[in-house]
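These notes are about the structure you will find just below.
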Amino acid sequence: MKWGKVLGITLLLVAVVLATAAASEVFLSGRNLENVVRRSALFGILSIGVAFVIATGGIDLSIGSIICLVGVATPWLLVEQGWSVPVTLALVLGTGVVLGLLHGLLITRLGLQPFVVTLCGLLLYRGAARGLVNDRSQGFRGEFDSLQWWAQGELPVLGFGVPVPLLVLIAVALLAAVVLNRTVYGRHLLATGRNEEAARLSGVPTERVIVLAYGICGALSGLGGLLFVLDVGSAQPVDFGSFYELYAIAAAVLGGVSLRGGEAGVVGVLVGATLMQVLRNAIILVDAIPSHIEFAVIGLVILGGVSADELVQRAVARRGRSRPAGS
Amino acid sequence: MKWGKVLGITLLLVAVVLATAAASEVFLSGRNLENVVRRSALFGILSIGVAFVIATGGIDLSIGSIICLVGVATPWLLVEQGWSVPVTLALVLGTGVVLGLLHGLLITRLGLQPFVVTLCGLLLYRGAARGLVNDRSQGFRGEFDSLQWWAQGELPVLGFGVPVPLLVLIAVALLAAVVLNRTVYGRHLLATGRNEEAARLSGVPTERVIVLAYGICGALSGLGGLLFVLDVGSAQPVDFGSFYELYAIAAAVLGGVSLRGGEAGVVGVLVGATLMQVLRNAIILVDAIPSHIEFAVIGLVILGGVSADELVQRAVARRGRSRPAGS
Amino acid sequence: MTEVGKGASSVVLEGRGLAKAFGGVQALKGVDLMARAGEILAVVGENGAGKSTLMRILAGIHAPDAGELRLGGEPVRFDGPREAMAAGIGLIHQELCLCDNLSVEENILLGREPRRGGLLDRRAMRRRALEVLDRVGLQVDPAQRLGALSLGAQQLVEVAKALSLNARVLIFDEPTSSLTEREAQQLMAVVRGLAASGVAVLWISHRLAEVVSLADRAMALRDGANSGELRGAELSRDGLVRAMVGRELDHLFVREPGEPGELVLKVTGLRTEAWPGYSLDFEVHAGEVVGLAGLVGAGRSEVLETLAGVRVPVAGHVEGSAAPPLGAGVGAAVERGVVLVPEDRARQGLVTGLGVGANLALPACQASARGPFRDAGQEARLFSRSVEQVGLRSAGWQQDERSLSGGNQQKIVVGKWLERSPRLLLLDEPTRGVDVGAKAEFHQLFDRLAQEGAGILVASGEMEELFALCDRILVLAEGRLTGTLERSEFGEERLLALATPA
Amino acid sequence: GGGEGAPATAPAVTRVAFITNGVADFWTVAEAGAKAGAAEAGVEVLVLMPGRGMEEQKSMVEDCLTRQVKGIAISPIDPPNQQALLAEAAAACPLITHDSDAPDSERLAYVGMDNYEAGWMAGELAREALPEGGSAAIFIGRLEQDNARRRRQGVIDAFLGRSPDATRFDDPDAQPASEDGRYTLVGTYTDQFDFARGKANVEDALNRYPDLGVAVGLFGYNPPLILEALKGADALGRVQVVGFDEDKATLEGVRSGTIVGTVVQDPYAYGRESVRILAGLHAGQSLATLGVPEGGVLSIPARKITASTVEAFQAELDRNLGR
Ligand SMILES: Nc1ncnc2c1ncn2[C@@H]1O[C@H](COP(=O)(O)OP(=O)(O)OP(=O)(O)O)[C@@H](O)[C@H]1O
Ligand SMILES: Nc1ncnc2c1ncn2[C@@H]1O[C@H](COP(=O)(O)OP(=O)(O)OP(=O)(O)O)[C@@H](O)[C@H]1O
Ligand SMILES: [Mg+2]
Ligand SMILES: [Mg+2]
């Protein structure tokens with residue numbers, strides 16, 4: 001984790017926030033901040049998950065489809081099939097974990113490439129979700145409010161009403177930070193990401209490390225999918241969660257996680273995820289920006305962010321060390 | 001290019017074709033074959049383009065958005081702006097090339113990662129296209145038939161009516177094959193993709209090689225986008241070409257192009273692209289398969305294909321030499 | 001290249017006051033160098049002295065911060081390796097610099113492909129490839145994928161590649177570090193021929209015997225500065241060491257074998273993946289150092305990596321106090337006290353960029369963990385431990401190990417295992433690319449470990465090293481165990497005779 | 001933001017929101033209507049089109065409430081499952097629906113038409129096109145949305161000569177036929193807004209059923225794609241086409257006779273009426289005075305456009321869009 005990067009992206013976030021606040025006085029209103037925080041929290045969970053995979057030098061394109069599968073299956077099981085809440089939750093969350101582990105196994109045991117495996121996942125799970133419910137959108141029909149509280153509710157913390165998803169995120173983030181920085185697994189993860197063979201020859205169980213990373217990503221994708229559908233209230237199998245993997249990856253990259261592997265940090269990732277949501281919010285709140293160029297704006301910001309960062313890095317450290325190719 | 005892979009995928013294609021022909025008598029009808037061939041040709045052009053980028057060890061996620069930009073701009077310029085055909089074509093095709101080269105420059109000069117750069121492209125160009133035409137779909141209004149001939153027309157070759165796009169593809173494919181196998185650039189491309197530093201130290205202008213590869217991909221994306229919109233007749237900026245990059249990449253991978261770089265071959269890529277289109281066609285023609293699980297089917301086939309290939313490779317060559325990680 | 005032939009004393013390449021810094025590191029501080037046509041100039045120095053950096057400047061890879069280069073008397077500035085090559089300067093790199101996905105001939109002519117009508121001229125390619133391959137005496141099909149060749153064979157391809165430049169100046173940066181005597185001799189013969197034909201040769205090596213026998217003249221570097229030039233009689237091992245290290249170095253360490261202890265490992269019927277045709281039987285006892293000799297590709301690494309759990313054997317049985325469960329992975333082997341110091345330091349030994357401390361702690365952090373949590377202080381502790389135990393020289397446990405010299409990097413690779421108190425050490429080329437001083441330190445370290453009761457199985461291409469260290473030497477030829485030499489029988493001819501495939 | 005407009009929420013102006021269920025030409029026409037309505041009523045309108053489904057529509061509603069708009073007109077994507085969201089909006093400001101209704105919500109009014117009836121009209125056109133009977137294929141973007149399903153069902157019921165029943169639903173993969181067996185539906189093909197896919201669907205359906213009688217395109221972009229496919233298969237004229245909405249190419253087809261007719265809604269009126277009502281409600285007028293009948297359904301009936309009426313319609317359209 002390069003703290004330089006984190007600092008840079010944080011400054012960018014601050015700048016965007018100030019600009020938006022200047023352009024729209026409602027931006028800083030409690031209700032709006034609450035909305036932005038809730039959305040950031042949901043995407044933040046995904047980004048943390050994918051950060052683990054990226055740290056192994058891999059990638060996970062299937063996140064959006066896992067979200068779709070979970071998001072569709074949850075209301076379908078609860079409403080149409082009338083399953084009980086605990087069983088349903090256990091099943092959908094379990095699905096996320098299992099699919100993630102499956103990716104890991106295909107990648108390590110069969111030696112397939114992460115991009116390929118998870119690309120197939122992207123296609124497979126969405127197809128499965130569509131087949132499962134026959135392309136019909138699934139929703140909670142206003143029942144299950146107590147369940148939706150997990151995504152829509154608030155808890156009073158020192159007088160403020162804090163969105164529950166934020167609390168979930170905080171829990172996830174703390175856990176992730178501890179795993180990355182304080183545990184043996186975290187160290188093994190970074191070592192494997194940097195040089196798998198050397199790590200293996202040092203006795204690191206690299207295969208298990210990688211499988212677990214994908215498992216974590218799958219688990220958080222599942223959790224994210226659950227919270228998303230609880231928040232939105234229903235899911236259409238055709239487009240629910242589509243492209244979310246790209247948002248998650250972009251947030252992680254913005255947050256300073258290198259796709260080359262061997263690096264990961266929670267703070268930057270969270271800042272990155274927040275930045276993307278603030279941008280989307282700003283585009284709607286500020287009249288000057290036509291909302292249909294949202295993509296263009298986000299693309300520009302990411303590109304600008306990483307380019308600026310790269311240029312700064314160089315200016316700072318003018319060391320001739322030529323990056324080893326391919327690494 | 002591993003001919004083993006090509007053989008495997010070809011067998012898979014044959015199998016699918018036979019199965020479909022058995023399940024639907026219209027599949028082999030001239031008209032249907034013509035359609036399948038035309039669609040395969042369009043996607044084949046994209047896949048060849050991305051194969052060059054993948055050979056450098058990179059990736060291009062922006063293909064679909066370049067298609068969108070070109071596909072929207074072409075009718076917009078011709079119909080709404082009343083530009084002349086040659087100028088329009090020059091501009092849109094030029095755009096593809098320039099954007100591709102731009103990606104290459106950002107990757108080589110700034111040292112940004114292909115995934116990030118082209119992800120931004122994916123967001124940017126779609127946003128740009130939407131902004132350009134204000135989300136209104138653009139079409140040829142039945143004029144410009146002579147232009148659409150390039151995508152819809154046929155040429156009599158030995159009595160058969162051959163779709164023009166197929167002829168375009170053949171031209172592109174032959175060119176690509178020559179470049180890859182018979183030119184110095186081809187050698188340099190494969191060398192750079194496998195071991196950039198070694199290539200650079202051998203005096204290969206690796207940066208130029210990479211930039212050029214992205215330029216080629218951009219050019220073919222532009223050409224593809226043009227043909228797609230000529231074929232379809234109109235384009236809606238929100239969805240036009242979205243996810244096509246994944247189809248193109250999948251086809252290339254199916255065709256035996258390794259995402260690790262340093263490998264590329266035209267034949268396999270074409271077979272891969274054809275396989276995907278045959279599958280989509282089969283799903284519509286065969287009652288047994290509900291059309292909304294199309295994604296699932298394609299995902300399964302790709303996964304099955306690469307897994308089987310991997311297993312065969314191992315069974316065949318039981319050589320111990322463990323591939324150095326990361327290479 | 002017509003003027004190459006003339007007067008063997010004419011200065012071809014000359015460097016004056018060359019300096020180069022990498023960030024904080026001042027790799028070169030004003031070095032002078034002079035290469036004459038037809039002369040073999042050896043460049044010696046400790047790890048990190050700046051040899052490779054100097055050569056990379058001559059070859060146009062680095063631009064010097066200060067100083068000037070003169071080629072045939074004319075001042076030159078190279079903008080990239082391409083220009084240097086065009087000017088007739090070839091460099092054979094310390095690490096292999098080839099593309100294993102291309103054919104041998106494509107590698108040889110990479111960047112300088114012959115063309116006809118814009119396209120590759122494959123016939124010309126084949127012709128020129130065969131010609132240079134023949135000169136280095138490598139019989140392989142030029143169309144074969146490079147990846148299919150062994151390390152040694154690839155090294156020769158690298159040389160052939162440099163020859164194909166028809167260079168006036170040829171630079172060899174530790175070309176023999178991955179070769180055994182046999183291939184090294186072969187290569188040196190080639191080099192002598194080149195010199196005779198008027199090429200100016202620069203030769204870097206840590207194998208001083210080799211330097212003495214090959215070089216006409218030697219220049220020494222110390223801490224990035226010239227530290228002496230030797231010719232004729234001065235060109236002795238001691239002379240070189242003095243110039244490099246700046247002080248006398250106690251003579252080449254020779255081990256005093258003690259009484260072998262309990263049986264650590266007994267291998268019976270071991271068949272490796274690479275050479276399943278032959279089965280191996282041998283023993284290693286506590287306190288013993290057993291050598292593995294053989295030509296390149298003989299299967300030494302294969303054996304060591306199989307015992308270390310990296311590879312799965314075709315067949316085989318092991319017993320003894322440290323018998324590793326075969327094919328059960330590195331972790332299982334380490335549990336039994338069997339550890340491997342791999343052949344390729346950069347790729348297999350170090351997790352680059354993780355930092356010195358983290359690399360040292362990597363094998364141990366699991367064992368010393370409290371539940372899932374790492375022992376936070378461990379990295380610093382192990383670092384200071386290695387500083388005293390293996391004489392590691394580094395700024396601190398957080399330093400990036402990439403900025404260390406080859407010798408110190410190797411000390412990390414060895415030092416990281418000590419925490420696991422290994423019963424059987426498998427050493428694959430443990431002193432490859434390590435300078436004389438460090439090499440002696442390593443030999444003493446291995447001796448101490450043996451005396452403390454560890455069994456050691458060491459593969460080395462350097463007979464000198466094996467003779468100095470081992471109680472016994474197992475000789476492999478194409479995977480077959482062709483014989484075992486006891487200390488009394490040690491001798492170059494004997495060993496080579498056994499190592500040469502029938 | 002809503003594109004053009006004054007700097008963020010100058011307190012003076014009343015701002016209302018017009019939220020669509022997606023991005024399409026249909027909605028850009030509605031946008032024009034909304035802006036016109038705003039100009040007439042002296043308010044400002046914020047037109048928002050969610051490109052990524054429910055999640056985005058939800059955040060758009062939230063952001064509108066944040067901006068304290070004085071009224072929201074929305075086309076809910078999935079009404080039964082958006083009750084909470086609609087309730088939240090209704091609590092904060094006057095809420096009306098357009099294009100697709102949410103009867104069980106707190107919405108004060110619904111501006112639009114019954115998609116079942118509109119579909120029925122298309123079905124009638126298809127049936128008239130095949131006096132001797134024959135087969136029909138339906139091409140549509142998606143089937144999740146309630147309005148899409150009702151529209152399709154209307155087509156089927158009218159084409160097969162059934163009695164009207166909006167609650168019926170034939171399975172997407174079903175191939176129902178009329179009692180007398182003269183009329184059959186061979187299939188419903190969805191394309192998820194992938195134009196290339198939409199065209200491919202038509203081509204494949206033609207190969208599958210060479211004697212296909214009529215192709216019905218139910219989303220605005222489907223009829224033009226059908227024409228392209230027919231052109232490629234030189235089946236223009238052999239296969240009848242029934243369209244929906246007023247894409248330029250569709251009207252051109254009606255004019256030239258390659259399309260027997262198209263059913264047009266009046267998105268322009270949706271936008272204009274919605275804004276008018278919201279502005280009026282904010283000004284304290286009652287629904288009745290605003291011309292909304294009991295039950296709050298302001299019906300803007302769909303119309304059949306055929307060769308005879310296309311010119312007049314074109315003129316009206318150009319007027320509305322200020323062309
Ligand atoms: N690319 C680089 N970036 C930073 N420091 C470097 C780089 N290359 C070399 N150095 C440093 O420069 C010094 C000289 O390195 P160099 O490789 O020239 O030594 P050497 O004499 O070749 O050592 P060895 O015998 O181990 O090859 C060392 O301290 C090394 O750490
Ligand atoms: N001529 C060859 N052709 C192909 N592969 C070879 C050849 N020689 C050796 N190998 C490969 O090298 C391995 C055996 O060489 P290994 O590295 O174990 O021998 P070594 O004695 O350690 O020599 P080296 O100095 O190369 O390490 C096997 O994996 C084998 O596949
Ligand atoms: Mg060196
Ligand atoms: Mg070896």
Side-chain angles (χ1 to χ4, degrees), chain B residues 24 26-27 29-36 38-39 42-43 67 71 79 126 130 133-143 145 148 151-154 163 228-244 277 280-287 289-292 294-295, chain D residues 3 20 22-29 31 49-52 141-143 171-173 175 187-210 219-221 224-229 231-235 247-253 255-256 258:
Chain B
S24 146
V26 294
F27 175 70
S29 71
R31 164 136 284 134
N32 188 58
L33 289 183
E34 181 193 320
N35 288 332
V36 177
R38 200 178 60 253
R39 297 170 205 162
L42 293 179
F43 279 97
I67 290 174
V79 178
R126 186 164 298 279
R130 293 181 61 180
V133 300
N134 251 300
D135 272 347
R136 269 191 223 88
S137 70
Q138 303 295 318
F140 294 108
R141 313 240 186 103
E143 311 158 28
D145 286 3
Q148 292 191 268
Q152 301 177 335
E154 295 182 11
F228 268 111
V229 73
L230 289 177
D231 178 30
V232 175
S234 64
Q236 158 60 251
V238 180
D239 317 279
F240 196 72
S242 115
F243 274 119
Y244 284 14
Q277 293 311 310
R280 297 176 73 174
N281 181 245
I283 288 160
I284 300 265
L285 293 190
V286 179
D287 290 325
I289 320 168
S291 59
H292 51 260
E294 169 192 344
F295 276 11
Chain D
T20 73
V23 187
D25 294 3
F26 180 82
W27 290 121
T28 52
V29 179
E31 180 175 20
M49 304 187 188
R52 279 189 316 285
R142 290 181 181 177
L143 276 181
D171 187 80
D173 299 322
Q175 299 189 326
T188 305
Y189 300 86
T190 62
D191 53 51
Q192 274 68 48
F193 304 135
D194 177 342
F195 281 27
R197 186 57 201 281
K199 188 190 175 201
N201 284 343
V202 183
E203 292 167 342
D204 292 343
L206 283 176
N207 293 324
R208 190 82 193 290
Y209 306 101
F219 276 18
Y221 59 87
L225 295 181
I226 293 174
L227 290 183
E228 290 291 339
K231 198 167 67 179
D234 39 42
D247 188 286
K248 304 176 192 86
T250 307
L251 295 180
E252 190 50 49
R255 205 175 280 116
S256 66
T258 51

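Chain letters run A, B, ... following the sequence lines, proteins first and then strands; every chain starts at 1. What you see below is based on every heavy atom in this structure, not just the backbone, and it leaves out hydrogens, waters and symmetry mates. Bear in mind the structure is a predicted one, so any value in this text is a computation, not a measurement.
- Using a 4.5 Å cut-off between heavy atoms, Arg136(B) contacts chain D through both its backbone and its side chain.
- In this structure, Asp231(B) and Gln152(B) approach most closely via the heavy-atom pair O-NE2, 2.9 Å.
- Here the shortest heavy-atom pairing between Tyr209(D) and Gln175(D) reads OH-NE2, 3.0 Å.
- With chain B as the partner, the residue from Leu225(D), Asp173(D), Asp194(D), Asn201(D) showing the most heavy-atom pairs under 4.5 Å is Asp194(D).
- Side-chain atoms of Asp204(D) and Tyr189(D) include no donor-acceptor pair closer than 3.5 Å.
- Interface check for chain D: of the options Ser234(B), Gly139(B), Ser29(B), the most heavy-atom pairs under 4.5 Å are formed by Ser234(B).
- What you find for Val286(B) and Ser24(B) is that their closest heavy atoms are CG2-CB, 4.5 Å.
- The existence of a salt bridge linking Lys199(D) and Glu203(D) is confirmed by a sub-4.0 Å separation between a basic side-chain nitrogen and an acidic carboxylate oxygen.
- In terms of heavy-atom pairs under 4.5 angstrom with chain D, the leader among Val238(B), Asp135(B), Asp145(B) is Asp135(B).
- Within the 4.5 angstrom heavy-atom criterion, atoms from both the backbone and the side chain of Gln236(B) approach chain D.
- Within the 4.5 angstrom heavy-atom criterion, no atom of Phe27(B) approaches chain D.
- Of the two parts of Phe195(D), the backbone and the side chain both hold a non-hydrogen atom closer than 4.5 Å to a non-hydrogen atom of chain B.
- Among all heavy-atom pairs drawn from Glu34(B) and Pro163(B), the shortest one is CG-CG, 3.6 Å.
- Among the candidates Asp239(B), Val229(B), Val232(B), the residue making the largest number of heavy-atom pairs closer than 4.5 Å to chain D is Val232(B).
- With a 4.5 angstrom heavy-atom cutoff, Gln148(B) touches chain D only via side-chain atoms.
- Nearest heavy atoms, Leu285(B) versus Asn32(B): CD1-ND2, 3.6 Å.
- Both the backbone and the side chain of Ala233(D) come within contact range of chain B, judged by heavy atoms closer than 4.5 Å.
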